[in-house]
Amino acid sequence: MVAPVIGITSYARDGQELPCFSLPVGYVDCIVAAGGDPVILPPAMAEPVRVLDSIDGLVLSGGGDVAPAAYGGDHHETIYAVSEERDQFEFQLLRAALQRKDLPILCICRGLQVLNVVLGGSLHEHLPDVLGEAVPHRIPPRQTCRHQVRLDPTSRLAEIFRSLELEVLSWHHQGVERLGEGLRAVGWAEDGLIEAVEYRSHFWCLGVQWHPEMEQQDQRQHRLFSALVKAAQGRAGRKNDR
Ligand code: MN
């Protein structure tokens, strides 16, 4: 069996003395544990779309907020780490990836938000302003927390997790407001926030608002990465035949 190559978008350039493109190790370790070969995709490529020919699957990782201008949103004092470079790179990459019929796409946290914006949806700029604090999605100022997610029983995610109730690691302060065109909500927090989406116009495109990559010891969360790598096998195999 060929090991699929999984491209993972890196965080935006950051740092004063020595600017870096970084990525939390969990994304890489989870793809390796699932049998894939990870490659990190920095948002500085001249032609983002070209790299799609070299990968068999794509992960849009977490990170800073999408510029509110991209979805007709307003500035908010809590918006952080906005990068025009990363936004534009991921928008272009994702738009092209959605046209590739055999390239599975997993969108995590910010990635789900990017997916929603690319499909014309909008985001809540700061969740506590609209949903209150009954369900914590992030502990101030910027710490992780846990909450429950309920999955649609007919969703692909329910099939992957083999469960309709999950406890997830949550680390976000924004979320889906208006759903993008063609996106289907398939998971919700107890406050009603959309926590998972599927894009059925594509053969395998899933988004989760939580962080499976930060729970490498969790067998259930790991199934998401196994499912991605498995979905990338077909493309990897065909490439190998050439
Ligand atoms: Mn959450």
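Just follow the structure's listing: the first ligand is 1, and inside any ligand the first atom is 1. Keep in mind that this is a model prediction, so the values were computed, not measured. These numbers come from the heavy atoms of this one structure, side chains and all, not from hydrogens, waters or symmetry mates.
Because the distance cut-off is set at 2.8 Å, Q209 fails to qualify as a neighbour of the Mn ion (ligand 1), as none of its N, O or S atoms comes that close.
A donor-acceptor distance shorter than 3.5 angstrom exists from the side chain of N116 to the backbone of R178, with no hydrogens or angles considered. The backbone N or O of F161 lies less than 3.5 Å from a partner atom in the side chain of R223, making a donor-acceptor pair.
For the pair OG of S170 and NE2 of H147, the angle at the Mn ion (ligand 1) is about 90°; rounding is to 10 degrees. Between NE2 of H172 and OE2 of E195, the angle at the Mn ion (ligand 1) works out to 100°, rounded to 10 degrees.
For the side chain to side chain donor-acceptor pair (under 3.5 Å) with Q209, the lone residue among H137, E195, Q113 that qualifies is Q113.
In H137, the N, O or S atom that comes nearest to the Mn ion (ligand 1) is ND1.
Between D56 and R238, none of the side-chain N atoms (NZ, or NE/NH1/NH2) sits under 4.0 Å from a carboxylate O, so this pair counts as no salt bridge.
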